[in-house]
2 protein chains.
Amino acid sequence: MAASDGAWEPGHGPFVDPGLASVVDMDQSIRRRAHPVRPMEHACAPAAAAHEGTFADEWINSRRRGVRRLSFAKARDVVISGSHNRCIYFNHDGWLARYKILHKGSRQILDFVLPGQVFGLPACLFPRAPYSIITITEASVSAIPFDMTDNVFDRDPALAKTLFWSTVQEAAILGEHLTGTGRRSAYERVSHLLLELFVRLNTSHRSGEMTLSIPLTQELIADALGLTAVHVNRTLRALRQDKLIKVDGRSITIVDFEALSRLSDFEKSYLGQAGRFQPRATEPAALGESAARAMEPWGA
Amino acid sequence: MAASDGAWEPGHGPFVDPGLASVVDMDQSIRRRAHPVRPMEHACAPAAAAHEGTFADEWINSRRRGVRRLSFAKARDVVISGSHNRCIYFNHDGWLARYKILHKGSRQILDFVLPGQVFGLPACLFPRAPYSIITITEASVSAIPFDMTDNVFDRDPALAKTLFWSTVQEAAILGEHLTGTGRRSAYERVSHLLLELFVRLNTSHRSGEMTLSIPLTQELIADALGLTAVHVNRTLRALRQDKLIKVDGRSITIVDFEALSRLSDFEKSYLGQAGRFQPRATEPAALGESAARAMEPWGA
DNA sequence: CGATTGATTGAAATAGATCAAGATGCGTGG
DNA sequence: CCACGCATCTTGATCTATTTCAATCAATCG
């Protein structure tokens, strides 16, 4: 499948929503370590992602409604804080981060966008996107035209429900991250993040196999937790020495899930599986089982 | 208008959603300074609140759909973390706080619920509410029965849009608070909070009248900002000495809005006014102007 | 009036930041 | 294939913003 099958021809530099009228807020696009801007790599869509057969079938892999498939290189801004978009995005296979930059240059990562997640909605709903979204790895995404004035709720209830649900999830996660930065120690924060990622990645729970492979640098972890990369480093060392985790390159093994959960007040229920949204007898397969499943990311 | 016009008779102690089946998580209900539990005060609804004539007309002041009006005393839990609810709430006139408690006993306030806001949705959508909600002042609220399996989206599109919108708003605010606790100094955080509350309260902008009257103790401010009450005190003093604010009891005057905005990276656009949701020619008054307006809290 | 809540200030302790310097590893161009 | 540049990780030595502990004072309330 060729990348960029839409009318829009990507150039280079930060991606700007096609048809975007408002001016990009340059003050907001300061990067601390700006990557050289090279022509966008049109990487082909990788092997089937975990979510195939769910949301993708219904909305993403079709050309209906002007959905376009795009590929982004690493460290590319897909949404820029302060701008306005006319598309929401579905992330097929990459990792992205929602983030803000303050005037001092410090960055706060609000959340990571994992494969199978929708993102970019606020950039459509607000006149100015409240945060930027950057790719952490290469990512292929689908851009879905979205116009709230267009009666999406009536025209496309399945999409509306998905967006609603993903926003509820996002709020829950942000709340948890907020209590982390507000009230947890560095040790607790790092523990909590690892557990969260472990659960969200749904890493096959077979036996004690608690290893996750994550594309995050210590700096990214630090920016997500409101810490310094140096301190994240020391904290990881402490966790290693305390025999709670093992680290091998970019892959981390959770040695003592129980202890980590306890010390960091980790309670996975905030990560979805909201038992109220399951397709039931009372709600026949009007929207197709696959779309319904997409409303419960990270499985039940 | 009599308080509690529904079938449910409130008793005392933390409010529990009628029909609630799941067990209340007692570990989560630890209060640091528990208020004595007295019989609930049925304060009559106070003078017309700011939002009258908007959302209230459509949904709240009617008995349709089993909406019940309830009054809560100060420092009462309306939603308890870990429990499950079957109602969402509309806050008529009080202040509330969404919060979490960690095992060490520290509390993080995620956000304040101001008059005119909806709250309690996640407690309906998730099997276990991700956070508690407590009244800061006396508050009269409307409880709106809510069941997601009930096709709310089709049956009640106006309510669905309102909930969707309020969730989007909440996420934006949480994101801003997260970057506060993560990357802003105490000085910046306090400044930012004051500006946010000022804008959200929509305190009549007439001339330089930038005074807001807020029912928050320094401890509440501290818990919202991830700080200590002691340090909030010192920070307020610094802001006073720097001639940025004036404090007189519980009322605070913003002396230099500009300076405060700059130093704290305050950019009010995250507080809504999403120009995409306005009723337009393309979207006739199908849902009534008043309900449409309720989707844009804090005005345009 | 006594009791409790909230504000205020001081002094000491500390978690985490900042600054600095290597070490390691990797991709790219020569 | 090597050498260079750059990103990332690592560790040490300070430094400091904020916490913690403690005490006092004012205001409110039953």
Side-chain angles (χ1 to χ4, degrees), chain A residues 31-36 38 41 73-75 102 104-108 134 136-138 180-191 214-241 245-252 263, chain B residues 31-36 38-39 41 73-75 102 104-108 136-138 180-191 214-241 245-252 263:
Chain A
R31 266 327 75 64
R32 280 193 299 185
R33 208 175 278 124
H35 288 252
R38 5 165 232 249
E41 295 162 16
K74 215 192 210 195
L102 302 183
K104 285 180 175 179
S106 57
R107 174 175 69 173
Q108 176 67 39
I134 194 172
I136 293 173
T137 66
E138 286 183 2
T181 55
R183 290 299 182 209
R184 280 192 259 257
S185 69
Y187 196 82
E188 294 164 346
R189 277 182 239 184
V190 174
S191 304
I214 55 181
L216 302 180
T217 65
Q218 293 180 357
E219 187 181 7
L220 284 164
I221 295 174
D223 284 350
L225 298 179
L227 296 170
T228 295
V230 173
H231 200 59
V232 166
N233 184 294
R234 293 195 238 262
T235 305
L236 284 170
R237 167 157 50 101
L239 286 167
R240 243 183 291 130
Q241 290 173 342
I245 63 171
K246 273 181 195 158
V247 179
D248 176 26
R250 288 273 160 91
S251 103
I252 296 178
L263 78 89
Chain B
R31 266 326 76 62
R32 279 193 299 185
R33 210 173 278 125
H35 290 254
R38 6 165 232 252
E41 296 161 17
K74 214 194 215 196
L102 301 183
K104 284 180 177 177
S106 57
R107 174 174 69 173
Q108 176 66 39
I136 292 173
T137 66
E138 286 183 1
T181 55
R183 290 299 182 209
R184 280 192 259 256
S185 69
Y187 196 81
E188 295 165 344
R189 277 181 240 185
V190 174
S191 305
I214 56 181
L216 303 180
T217 65
Q218 294 181 355
E219 187 182 6
L220 284 164
I221 295 174
D223 283 350
L225 299 179
L227 296 170
T228 295
V230 172
H231 199 58
V232 166
N233 184 295
R234 292 195 239 263
T235 306
L236 284 170
R237 167 155 51 100
L239 285 168
R240 243 183 289 131
Q241 292 173 341
I245 65 171
K246 274 182 195 158
V247 180
D248 177 26
R250 289 274 159 92
S251 104
I252 296 178
L263 79 88

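In the text below, chain A, chain B and the rest are named by the order of the sequence lines, each starting its count at 1.
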#### Entry: End-to-end axis angle, where each axis spans five pairs of the helix from C:dC1-D:dG30 to C:dG30-D:dC1, to 10°
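Axis angle across the helix from C:dC1-D:dG30 to C:dG30-D:dC1, nearest 10°: 40°.
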#### Entry: Nucleic acid footprint by protein, nucleotides 13-22 of chain C - heavy-atom cut-off 4.0 Å, B for base, S for sugar-phosphate alone
---BSBB---
What is the distance, to the nearest angstrom, from the [atom1] atom on [X] to the [atom2] atom on [N]?
{"X": "A:L216", "N": "D:dA7", "atom1": "CG", "atom2": "P", "result": "18 Å"}
{"X": "B:Q241", "N": "C:dT9", "atom1": "CD", "atom2": "C1'", "result": "12 Å"}
{"X": "B:Q218", "N": "C:dT9", "atom1": "CD", "atom2": "C1'", "result": "12 Å"}
{"X": "B:D248", "N": "D:dA27", "atom1": "CG", "atom2": "C1'", "result": "14 Å"}
{"X": "A:R250", "N": "C:dG25", "atom1": "CZ", "atom2": "P", "result": "14 Å"}
{"X": "A:K74", "N": "D:dC6", "atom1": "NZ", "atom2": "P", "result": "16 Å"}
{"X": "B:N233", "N": "C:dT8", "atom1": "CG", "atom2": "P", "result": "5 Å"}
{"X": "A:E219", "N": "D:dT10", "atom1": "CD", "atom2": "C1'", "result": "15 Å"}

Identify the two heavy atoms, one from [X] and one from [Y], that lie closest to each other, and give their separation to 0.1 Å.
{"X": "B:T181", "Y": "B:G226", "value": "CG2-N, 4.3 Å"}
{"X": "A:L236", "Y": "A:Q218", "value": "CD1-NE2, 3.8 Å"}
{"X": "B:K246", "Y": "B:R240", "value": "CA-CG, 4.5 Å"}
{"X": "A:I136", "Y": "A:P215", "value": "CG2-O, 3.6 Å"}
{"X": "A:S191", "Y": "A:L263", "value": "OG-CD1, 3.6 Å"}
{"X": "B:R189", "Y": "B:L225", "value": "NH1-O, 2.6 Å"}

### Beyond-backbone contact of A:E219 with A:V232, side-chain heavy atoms, under 4.5 angstrom
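Answer no - side chains too far apart.
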### Side-chain touch B:L220/B:R107, heavy atoms, less than 4.5 angstrom
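A side-chain contact under 4.5 Å exists here.
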### Non-neighbouring partners of B:R184 that pass salt bridge (charged side-chain N to carboxylate O under 4.0 Å, His left out), sequence neighbours left out
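B:R184 satisfies salt bridge (charged side-chain N to carboxylate O under 4.0 Å, His left out) with B:E176 once adjacent residues are dropped.
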### Query
Which nucleotide in the list C:dT9, C:dA7, D:dT11 gets nearest to the side chain of A:R237?
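Closest of the options to the side chain of A:R237: D:dT11.
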